[in-house]
Amino acid sequence: MLKKLLFLVALVALWVALLWFAIGIDLSKHGNVSLVAMHLLPPLALWASWLGWRAWQTRQQAADEAAEAEATRTALDKQRAESREKFDQDLAERRAGVDFRWLQVRDLSKQENTESLAMTTDEMTVTLLDEEMSEIADETADAWPGVQLTELFAALLAQCPAALTFPVYLLGPSSRAFADLSRMVCAARESALPQLETAWPQNIALGAVLGLPQSSASPQELIDLCATQPELPGVLVLAFESPLSNAQHGEEEPNPETKQREQWFGKAGQALVGMLLTSPVLPSVLAQLGEIAPDGAHDVMTPFWERTQLAPGMISALAPLPADWRQTLADMPMIAQLRRPAWIEVEEKARPTQVTQSLRRLLELAGINAALIEPTFQFGGEASDEARAPALQLSDSAWLIHNAGGVAVCGSRLAGVGSALSDAGMDLNPINEGTNTVLHAGDCGRATPYLMLGLAAAKAAELQKPTLVTHFQAHHVAMSFVLPASA
């Protein structure tokens, strides 16, 4: 304010000087009022104009700063919204899963306490190898598990004929050609068809038999089968191998290398694992399919925006099936839910503390994939919102399925897992509340990871709690959760 008054005084002084000495007016010819107006009004007018210009400039600057701040805020909000959308999309992709509908484990070789794994329900069956059939003759070794496959398909056919139209993904012994295994599966399926009350419809094709890729984390493969093929209602997974038959026809006395392998993988065993997995959107598609007229026509009065269909490819695959087949598929209860795994590489000479830290991080990642942990959305290095509390938490887990190894070698692995569970607040004893497939099932070869998933699904259904699967391999460890159907 003082600056403005000084500027006014300077203007008045300058104007008076100009008026008296430069212009040289005759003061005697003007009255007092005229003289005052003559001396003050011009500088006051100039001063007021200067004040108005300064006020306009200030307002304009403030408006420009506000517009710039708003543009910055809008751009930041847009970036935050885009980042949040990508965060949610990535999280949804990580949490994609498949639903267990049916499980069959046949000819599981008897090991230590294997009897505790046996079960028989409509949706889950685990049968042990008959002692009388444990000695597999040379001439029938290559034929296994032909009869067992026929029984498996017959059981599935009796419960849900529609499942035989799903593609069959097969993983068998690496020593046998896939073409031979595929022919055996097709023959077993054809042998089971006569048990259907009516002839198989000519216009309905049986599912193709395809090879199942084998990677470091089998749950990832199974989930990707449905995620990458959204038109598939479901898949039938078959995995089998019999190291037992190879051992019976090998050396009578195991060599040191065999004994070393048995410590880590268990005694030679065998298993046939069959799993029916369906897409999470299958119930919605079946419900929508029931609302469509049999001939596929819509009411002409129905607006086109109400005729949109969920998963049209899946509807096209299910629409030709008889209505009662679709109903049996809809009536099949969900046993459990399989979620994506997380895995890490583990160095051979890693210190125990490093292994525990790696397993703790691995457990956290698997928990996020299973929606047992809600991650906090961060933007600009800071948390933008609080993490929501999940319906189920890591501490709700009630069982562990693992292949840490035999009694002589599993100590360090179980110690690392136990420490990781404890650090995560999980009151889960790896020994008393866990199934070591190395001891309980033995070495089932390439079928082992799928056997572990099947046993985890059975435990999740039995306990109605999440089950943790920890799969140790040569240079890495994978963890995944199998959730109960109610999750």
Side-chain angles (χ1 to χ4, degrees), residues 89 92-93 95-102 123 152-153 156-170 182 185-186 189-190 192-193 196-213 219-238 274-335 337-338 340 485:
Q89 288 177 351
E93 183 178 349
R95 290 180 171 175
V98 291
D99 299 336
F100 274 91
R101 296 283 175 176
W102 187 80
E123 291 79 29
L152 184 147
F153 281 115
L156 182 58
L157 185 65
Q159 189 167 359
C160 182
L164 269 67
T165 64
F166 297 171
V168 178
Y169 282 88
L170 172 65
S182 177
V185 169
C186 291
R189 186 172 55 183
E190 291 286 346
L193 290 181
L196 193 64
E197 294 181 357
T198 58
W200 185 270
Q202 295 295 324
N203 63 326
I204 299 178
L206 294 169
V209 178
L210 306 170
L212 184 67
Q220 186 78 14
E221 305 161 359
L222 303 181
I223 293 172
D224 286 344
L225 290 179
C226 291
T228 58
Q229 304 176 82
E231 73 281 359
L232 285 182
V235 296
L236 178 61
V237 177
L238 296 177
M275 296 184 291
L276 179 62
L277 309 175
T278 61
S279 169
V281 302
L282 177 62
S284 301
V285 172
L286 288 172
Q288 186 183 51
L289 192 58
E291 299 174 358
I292 300 177
D295 59 356
H298 291 272
D299 185 350
V300 293
M301 300 302 294
T302 303
F304 72 90
W305 57 84
E306 294 183 4
R307 303 180 192 177
T308 57
Q309 297 179 354
L310 175 68
M314 191 180 299
I315 287 183
S316 300
L318 293 172
L321 303 182
D324 57 337
W325 287 17
R326 294 199 302 266
Q327 188 59 46
T328 59
L329 182 58
D331 291 341
M332 288 190 76
M334 181 173 28
I335 300 174
Q337 305 175 54
L338 174 62
R340 288 189 187 276

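Pairing each heavy atom of Pro167 with each of Leu210, the nearest pair is CB-CD1, 4.4 Å. Summarising the geometry of Gly97 relative to Pro280, their closest heavy-atom pair is O-CG, 3.2 Å, with the distance given to 0.1 Å. Nearest heavy-atom pair across Arg101 and Pro283 is NH2-CG, 3.6 Å. A pairwise comparison of heavy atoms in Met275 and Leu222 identifies CE-CD1, 4.0 Å as the closest pair. Here the shortest heavy-atom pairing between Trp200 and Ile204 reads NE1-O, 2.8 Å. Minimum interatomic distance between Leu152 and Gly274 (heavy atoms only, all atoms of both residues): CD1-CA, 4.1 Å.
Panel note: side chain Arg189, backbone Gly207; a donor-acceptor pair is recorded below 3.5 Å.
Annotation: side chain of Gln229 is not in contact with side chain of Val235 (no heavy-atom distance under 4.5 Å). Within the 4.5 Å cutoff, side-chain heavy atoms of Asp224 are placed close to those of Arg340.
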| Going through the distances and angles, do Leu338 and Phe100 end up as a side chain to side chain contact (heavy atoms under 4.5 Å, CB included)? | CA-CA 7 Å; Leu338 174 62; Phe100 274 91; 3.7 Å; yes
| Stepwise side chain to side chain contact (heavy atoms under 4.5 Å, CB included) test for Leu225 and Leu277 | CA-CA 10 Å; Leu225 290 179; Leu277 309 175; over 6 Å; no
| task | Check step by step if side chain to side chain contact (heavy atoms under 4.5 Å, CB included) holds for Leu329 and Leu282. | result | CA-CA 9 Å; Leu329 182 58; Leu282 177 62; 4.1 Å; yes
| request: With side chain to side chain contact (heavy atoms under 4.5 Å, CB included) as the test, would you mind laying out the steps for Phe153 and Val185 before giving the verdict? | output: CA-CA 9 Å; Phe153 281 115; Val185 169; 3.8 Å; yes
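With sequence neighbours excluded, no residue satisfies side-chain hydrogen bond (donor to acceptor under 3.5 Å, both in side chains) with Ser279. Residues passing the side-chain contact (heavy atoms from CB on, under 4.5 Å) test with Glu93, sequence neighbours excluded: none. The side-chain hydrogen bond (donor to acceptor under 3.5 Å, both in side chains) search around Asp331 returns Gln327, not counting sequence neighbours. Applying the side-chain contact (heavy atoms from CB on, under 4.5 Å) test to Ala205 and every residue at least two apart in sequence or in another chain returns nothing.
With rounding to the nearest 0.5 Å, the separation of CE in Met332 from CG in Leu276 is 5.0 Å. Separation of atoms OG (Ser284) and CE (Met314) is listed at 9.5 Å; rounding is to 0.5 Å. Atom-to-atom distance recorded for Leu212:CG and Leu238:CG is 9.5 Å, nearest 0.5 angstrom. Separating the CG atom in Leu289 from the CD1 atom in Ile315 is a distance of 6.0 Å, to the nearest 0.5 Å.
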I'd like a table of donor-acceptor pairs (distance under 3.5 Å, sequence neighbours excluded) in which one partner is a side-chain atom from residues 318-325, with atom names and distances.
none

Kindly list each side-chain donor-acceptor pair under 3.5 angstrom involving residues 157-165, sequence neighbours excluded, with atom names and distances?
from, atom 1, to, atom 2, distance (Å)
Gln159, OE1, Trp102, NE1, 3.3
Gln159, NE2, Glu123, OE2, 3.4
Thr165, OG1, Ala162, O, 2.6

